[in-house]
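In what follows, a structure is listed as structure tokens, so that the remarks can point back to it.
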Number of protein chains: 2
Amino acid sequence: MEPKAKRILIADDEPDILEIVGYNLSKEGYEIYTAKDGSEAVAQAKLLKPDLIILDVMMPRKTGVEVCQLLRSLSDFQDTLIIFLTAMSDEASQIKGLETGADDYVNKPISPKVLVSRVNALFRRLNKEDGKTVNVGNIQIDPVKFIVAIDGSEVILAKKEFELLYLLASRPGRVFLRNEILSQVWGSEVIVGDRTIDVHIRKIRQKLNVDCITTVKGVGYKFEL
Amino acid sequence: MEPKAKRILIADDEPDILEIVGYNLSKEGYEIYTAKDGSEAVAQAKLLKPDLIILDVMMPRKTGVEVCQLLRSLSDFQDTLIIFLTAMSDEASQIKGLETGADDYVNKPISPKVLVSRVNALFRRLNKEDGKTVNVGNIQIDPVKFIVAIDGSEVILAKKEFELLYLLASRPGRVFLRNEILSQVWGSEVIVGDRTIDVHIRKIRQKLNVDCITTVKGVGYKFEL
DNA sequence: GTTCCATCTTAACATTAAGTTTACACAAAA
DNA sequence: TTTTGTGTAAACTTAATGTTAAGATGGAAC
């Protein structure tokens, strides 16, 4: 029934926190690993490939944010869940955390109950195969928040534009035929004219203002930085 | 993996039903207990304090309705979830069931899939009520006191308005699809018209008088300052 | 029971944004 | 040069949401 115990890596410089959080999560059946600073967290993460990483924002030798950015730039950690522990309860830092590619954040002081339920919720969401955030270079595409961010600054795309970009960006470098795009984004029954795709591509290019969609004449389009 | 396995008591006089329902729910990670008539159900309930009780309406030695009424009169069972299984699909009996204090009902013949999803939905709804105050920017939402405050000054919202706002604000930035909103706020069984959500959104915007709910056309709404 | 009141829902219509098509420009290949 | 495929702006169409007001419902006060 239990697929296999999920691995959780917890990084915090306060031993008390490691212990209490670790205890509560292992009680839930998770496999717990710990790290006491940012560098150790990165090393452990690479070694263990955990399913979820809980990062304190304020840590010696790399902050949680730095760890997160570093890991997210590696292909192995695109899908790894990341939760920030933060003492800063103000919105600015919360948003910054999530923009960095975290999946959730929990404010200190920590209630073990809250943290556990957030962790469970994240795994539940994952199982539902919710759309995953796509991270390519300095572009981040978050289907949960319906946001595209370039270097942290948001760009607002309409639904079709977003879906189209998400499709292309989900497999960078791969060329998508016009047919494929149509059936994926518009649905196989819908019939639209030839220029419709072009127009949407143009709008994305315009809004992103970054040269990331390449035309492959006679074939289709691909996402590429 | 779940906080702790939820206990479910199933009461039905048909062994087949007990078995198939029990099997499907235990597969979901619930702890299953069974009773084969009304009196046994009451006894088991008092003993086990289950989180959810599934009651067949037609049972020997106390009908499901009687069991429900009896338990609801005890302080220990105010918060226990109760689902009726009923062969009577007519509206009258359904309404009567809910008035008695049941949280949901499922018509026979039972589709295990439907039942499981109803059960999950109920627990989800319950978890939502683990009521933690949401604090975003200058807005404070307290689900226990049922109060919304902006910069300390209270705003009075009606129930649905409150639940809707609470849902959105509990995950700032995340887009909630209309479907999600419906099933979380209205419940998965209820069917309401298309404009209902909009109207409630409008009222919230009006009352809060703060631009914090963003429309994502074709997708849903999100809370954002 | 009747009245009153707030909430919730619906219906009808207005408004806006999104999506599509048109028409033509342009560029590269044949 | 002609052909083919794509880029682009603007006009147009459609779909989604906003808005208002009018029932429906149910509980509380009288």
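These numbers were taken from a predicted model, which means no experiment stands behind them. When reading the values below, keep in mind they use all heavy atoms of this one structure, side chains included, and skip hydrogens, waters and symmetry mates. So that the names make sense, note that chain A is the first sequence line, chain B the second, and so on, each numbered from 1.
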Original post:
Of the nucleotides C:dT20, C:dA11, C:dC8, which one has an atom closest to the side chain of B:Ala158?
Top reply: C:dC8
Subject >> DNA chain D: 5'-proximal contact among A:Val216 and A:Lys159 (nearest heavy atom) >> reply: A:Val216
Original post:
Roughly, in whole Å, what's the span from CD1 in A:Ile181 to P in D:dT6?
Top reply: 10 Å
Original post:
D:dG7 phosphate, OP1 or OP2: any side-chain N/O from A:Arg205 under 4.0 angstrom?
Top reply: yes
Original post:
Distance from B:Ser39 atom OG to B:Gln44 atom CD, nearest 0.5 Å?
Top reply: 12.0 Å
**OP:** For A:Val199 and for A:Ile156, find the nucleotide of DNA chain C with the closest heavy atom, then tell me which residue's nucleotide is more 5'.
**Re:** A:Ile156
Original post:
Between C:dT20, D:dT8, C:dC8, which nucleotide has the shortest distance from any of its atoms to the side chain of A:Lys160?
Top reply: C:dT20
Original post:
Closest approach of B:Thr80 and B:Asp51, non-hydrogen atoms and distance?
Top reply: CG2-O, 3.8 Å
**OP:** Scan B:Lys217 against the nucleic acid and name what it touches under 4.0 Å (heavy atoms): base, sugar-phosphate only, or nothing.
**Re:** base
Subject >> Inter-residue atom distance A:Leu208.CG - A:Ile150.CD1, 0.5 Å rounding >> reply: 4.5 Å
Subject >> For atom CD1 of A:Ile213 and atom P of D:dT8, their distance in whole Å >> reply: 12 Å
Original post:
Contact class for B:Tyr221 (heavy atom, under 4.0 Å): base, sugar-phosphate, or nothing?
Top reply: sugar-phosphate
Original post:
Is the distance from OP1 or OP2 of C:dG19 to the nearest side-chain N or O of A:Trp186 less than 4.0 Å?
Top reply: no
Subject >> Distance test, side-chain N/O of B:Arg178 to OP1/OP2 of D:dT17, below 4.0 Å >> reply: yes
Subject >> Between D:dT8 (P) and A:Ile201 (CD1): distance, integer Å >> reply: 11 Å
Subject >> First encountered from the 5' end of DNA chain C, between A:Arg195 and B:Glu161 >> reply: B:Glu161
Original post:
Expressed in angstrom and rounded to an integer, what is the separation of A:Leu164 atom CG from C:dA18 atom P?
Top reply: 15 Å
Original post:
Reckon A:Thr215 touches a base, only the sugar-phosphate, or nothing at all at heavy-atom distances under 4.0 Å?
Top reply: sugar-phosphate
Subject >> Phosphate OP1/OP2 of D:dT19 contacted by B:Arg202 side-chain N/O (<4.0 Å) >> reply: yes
Subject >> Separation of atom CD in A:Gln206 from atom P in D:dT6, rounded to whole Å >> reply: 19 Å
**OP:** Please state whether the phosphate of C:dT10, meaning OP1 or OP2, lies under 4.0 angstrom from any side-chain nitrogen or oxygen of B:Thr196.
**Re:** yes
Original post:
Using 4.0 Å as the upper bound for N to carboxylate O, is an ion pair formed by A:Lys145 and A:Glu154?
Top reply: no
Subject >> Result of checking A:Lys207, A:His200, A:Lys203 against A:Glu161 for side-chain hydrogen bond (donor to acceptor under 3.5 Å, both in side chains) >> reply: A:Lys207
Original post:
What is the distance from CD1 of B:Ile197 to P of C:dA11, rounded to the nearest Å?
Top reply: 16 Å
**OP:** Give the rounded distance in Å between these two atoms: NZ of B:Lys203 and C1' of D:dT17.
**Re:** 16 Å
Subject >> Rounded distance (Å) that lies between atom C1' of C:dG19 and atom NZ of A:Lys207 >> reply: 11 Å
Original post:
So does A:His200 get a side-chain nitrogen or oxygen closer than 4.0 Å to the phosphate oxygens (OP1/OP2) of C:dA18?
Top reply: no
Original post:
Of the nucleotides D:dT8, C:dT10, C:dT20, which has the atom closest to the A:Asp198 side chain?
Top reply: D:dT8
Original post:
Can you tell me how far the CG atom of A:Leu164 sits from the CZ atom of A:Phe176, to the nearest 0.5 Å?
Top reply: 9.5 Å
